[in-house]
Amino acid sequence: MNPESTYKKLERKFYTRNLLTVAKELLGKIFVKNDGGIVFSGIIVEVEAYDGSVDEAAHTYKGKTKRNEIMFGIGGFLYVYFTYGAHFCSNVVTGTQDSGTAVLIRALEPLEGINRMIFNRFGRDLIKEKEKFNLTNGPGKVCKAMSITKDHYGVDLTGNKIFLLDQPKINDARISISKRIGIKKSVDLPWRFYLNDNPYVSRK
DNA sequence: CCACGGATTGGCT
DNA sequence: GCCAATCCGTGGA
């Protein structure tokens, strides 16, 4: 971790920029949840971008609803949704008012709160060595490990409960770009970004 | 009111 | 590699 930037929280202006710019720059930043002193954190290593104005896979494609309304606000808020009857997924809202854009956090490299993440994910305290790469390598796993639920819908990322810490921008040579995973519409958009040298990504 | 299916995961073949 | 689990937002009748 770079000491110069470890404690500098990302501000509103980081999030209100263009979707794809923010998506790519989120790689390497530190995602932090501090809920009553219980701290979880991890390096963002994999994301996907969603834009309702052009992207049929985005939850905002068909207009505003109660579920997606936070995505139509300004950037810098958390959009949490529930899917497949089992999983929550976290997104960072981006752009200006009514842009309907957000970045799905698909994987983290755990930093703090790892023992509690292990218990949240597996219901036990000890894991095999290879299981540490299975803690937060998927959007549902990230939320399960950090206890992120619908209660965190709309949290302001410039506040103190869930926020991101700045880190140096990642060199393009370390970033891979691909099609997004698990969608059935707009499948060819190259809007998935991940660190190609990191073992915590959900898949290469 | 009811039917459909999903930005996933984990277990089984 | 294939597929069921499981709930609720969404859209049509």
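Throughout, a chain's letter reflects where its sequence line sits, starting with A, and its residues are numbered from 1.
Screening N18(A), L19(A), D51(A) against T94(A) for a side-chain contact (heavy atoms from CB on, under 4.5 Å) leaves a single residue, L19(A). Between L164(A) and the choices V32(A), I105(A), I44(A), the side-chain contact (heavy atoms from CB on, under 4.5 Å) rule is met once, by I44(A). Each of V187(A), L104(A), D55(A), D188(A) was checked for a side-chain contact (heavy atoms from CB on, under 4.5 Å) with R180(A), and the lone residue meeting it is D55(A).
The side chain of K62(A) contributes no N or O atom lying less than 4.0 Å from OP1 or OP2 of dG9(C). Within the structure, every side-chain polar atom (N or O) of R121(A) is placed at least 4.0 Å from both OP1 and OP2 of dT9(B). Residue K141(A) places no side-chain N or O under 4.0 Å from the OP1 or OP2 atom of dT8(B). T65(A) has no side-chain polar atom (N or O) that falls below the 4.0 Å cut-off from OP1 or OP2 of dG9(C).
Rounded to an integer number of Å, the gap from N91(A) CG to dT8(B) C1' is 14 Å. The CZ atom of F88(A) sits 11 Å away from the P atom of dC7(C) (whole-angstrom rounding). M71(A) has its CE atom 11 Å from the P atom of dA7(B), to the nearest Å. The CZ atom of R180(A) sits 16 Å away from the C1' atom of dT8(B) (whole-angstrom rounding). Remark: C1' of dG11(B) and CZ of F122(A) are 14 Å apart, rounded to the nearest angstrom. For the pair I105(A) CD1 and dT8(B) P, the interatomic distance rounds to 14 Å; values are reported in whole Å. The nearest whole Å value for the distance from the NZ atom in K130(A) to the P atom in dG10(B) is 14 Å. If you measure from atom CG of N68(A) to atom P of dC8(C), you get 18 Å, rounded to the nearest angstrom.
Looking at heavy-atom distances under 4.0 Å, I183(A) makes contact with sugar-phosphate atoms alone, never a base. Residue contacts shown for R192(A) are absent, as no nucleic acid heavy atom lies under 4.0 Å away. Residue contacts for R67(A): at a heavy-atom cut-off of 4.0 Å it reaches the sugar-phosphate backbone alone, with no base atom in range.
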Could you go through the salt bridge (Lys or Arg N to Asp or Glu O under 4.0 Å) check for E56(A) and K62(A) one step at a time? CA-CA 8 Å; E56(A) 292 183 78; K62(A) 292 181 177 176; over 6 Å; no

Under the side-chain contact (heavy atoms from CB on, under 4.5 Å) rule, what do H152(A) and V155(A) come out as? Steps first, then yes or no, please. CA-CA 6 Å; H152(A) 304 283; V155(A) 168; 4.1 Å; yes

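Which of dG11(C), dT10(C), dG10(B) sits closest to the side chain of N134(A) comes down to dG10(B). Here the nucleotide nearest the side chain of R106(A), chosen from dC7(C), dT8(B), dG6(B), is dT8(B). For F82(A), the listed nucleotide lying nearest its side chain is dC8(C); candidates were dT8(B), dC8(C), dG6(B).
K33(A) NZ: more than 12 foreign heavy atoms inside a 6.0 Å radius.
With hydrogens and angles disregarded, no donor-acceptor distance shorter than 3.5 Å links the side chain of E25(A) to the backbone of V22(A).
Between K132(A) and E129(A) a salt bridge is recorded (basic side-chain N to carboxylate O distance below 4.0 Å).
In the interface, the side chain of Y84(A) is not paired with the base of dA5(C) through any donor and acceptor atom under 3.5 Å apart.
The same atom, P, is picked in dG1(C) and in dA7(B); the two are 22 Å apart, to the nearest Å.
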Which dot-bracket string describes DNA chain C (Watson-Crick N1-N3 plus N6-O4 or O6-N4, or G-U N1-O2 and O6-N3, all under 3.5 Å; [ ] crossing; | other strand)? |||||.||||||.

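No aromatic stack links Y81(A) and the base of dA7(B), using centre distance under 5.5 Å and interplanar angle under 30°.
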